[in-house]
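Just so you know, ligand 1 is whichever comes first in the structure, and atom 1 is the first atom listed for that ligand. For clarity, every value in this text was computed on a predicted model and none was experimentally measured.
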Amino acid sequence: MFQVIGHGVCLSLLEEVEAEARRLFELPARQKMKALRSPGGATGYGTARITPFFSKNMWHEGFTIMGSCVDHAKELWPRNYKRFCDTMVEYQKKMKALAYQLWLLVLKSLDIQEKDVTWAASLQHSEAALQLNSYPCCPDPDRVLGLAPHTDTLLLTIVHQSDSNGLQVFKDGVLGWVSVSPIAGALVVNVGDLLHIVSNARFLTAYHRVVANQACHRVSIAYFYGPPAESELVPILPKLQAPCYRSLTVKQYVSVKAKHLEKALSLIRI
Ligand SMILES: O=C(O)CCC(=O)C(=O)O
Ligand SMILES: [Fe+2]
């Protein structure tokens, strides 16, 4: 996990996307329920997808967007949905371009040519997801989590976090959970499981969580970036290195993850 500055995404767009996310989460609960994620569906309002794996409650609500969000936004604001949708479309466009730039830098640092990755070109057409996260003020933060510990599944996640603490990353050794303090205008980048696999564990997936906060309503906007579902994941190796993971498609990995959560990587280890 690292933070990027000088990324070229204007501060005003970051402020706008955060303001629109707050506008959504501040709606009355019965209004938000109109945009509820359907069972088995991918988009809309709801609890974190990892909820069934944990007994501790999560002080969190989310809203997931893939491409257009017009249908759900019309349910939330029947006469006034355009501003929300336009902001989300513009933000996704900027995130896609930034994610691709980051991906090229990652390849360069691994000394891999873009042409050696069979699905590199299809990254341009993959459907990424935008996840709006809300962590309301919590009267008793010790009894809940904001978001339980997890790794992100895809290649890279770019996170804009509001100006309040909560996000933490796990560092092996004595450090343990370390706060990822907000830096004005900076974006947090998480290495996800797919990058861990294709880099043959040269980039390590970021194990992270969010703790609840008594003082303020924290909001974050996460952009999940990865290749299309049918892409074949093959660890790309420096000379003389053996693959640590067996090859499989994105779709197959996503389904292992959906069943086994953080055990998924160890299950595909050779
Ligand atoms: O709220 C955050 O800062 C992180 C959110 C997150 O980890 C996620 O949506 O996967
Ligand atoms: Fe995450």
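- Around the Fe ion (ligand 2), the protein atoms of type N, O or S found under 2.8 Å away are His150 NE2, Asp152 OD1, His208 NE2, listed by chain and number.
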Quick check on ligand 1: any N or O pairs to the protein under 3.5 Å? One line per pair.
residue, atom, partner, partner atom, Å
ligand 1, 1 (O), Tyr135, OH, 2.7
ligand 1, 1 (O), Arg218, NH1, 3.0
ligand 1, 1 (O), Ser220, OG, 2.7
ligand 1, 3 (O), Arg218, NH1, 3.4
ligand 1, 3 (O), Arg218, NH2, 2.8
ligand 1, 7 (O), His150, NE2, 3.2
ligand 1, 7 (O), His208, NE2, 3.0
ligand 1, 9 (O), Asn133, ND2, 3.0
ligand 1, 10 (O), His150, NE2, 3.2
ligand 1, 10 (O), Asp152, OD1, 3.3

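- The backbone N or O of Ser266 sits nowhere less than 3.5 Å from a side-chain atom of His260 that would complete a donor-acceptor pair.
- Checked for salt-bridge contact, Lys32 and Glu61 meet the test: a charged N lies under 4.0 Å from a carboxylate O.
- Residues Thr43 and Ile65 share a closest heavy-atom pair of CG2-C, 4.3 Å.
- Judged by distance alone, the side chain of His150 and the main-chain N or O of Ile50 form no donor-acceptor pair under 3.5 Å.
- Counting non-hydrogen atoms of other residues, nucleotides and ligands closer than 6.0 Å to NZ of Lys263 gives a total of 12 or fewer.
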Legend entry - Candidate pair Phe170 and Trp177, rule ring-ring contact (aromatic ring centres under 6.0 Å, His included), full reasoning: CA-CA 4 Å; Phe170 192 79; Trp177 289 107; 5.1 Å; yes
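- Considering every non-hydrogen atom in both Leu195 and Leu155, the closest pair reads CB-O, 3.3 Å.
- Remark: the backbone N or O of Val219 is not paired with any side-chain donor or acceptor of Gln161 at under 3.5 angstrom.
- Ring-centre distance between Tyr81 and His72: not below the 6.0 Å cut-off.
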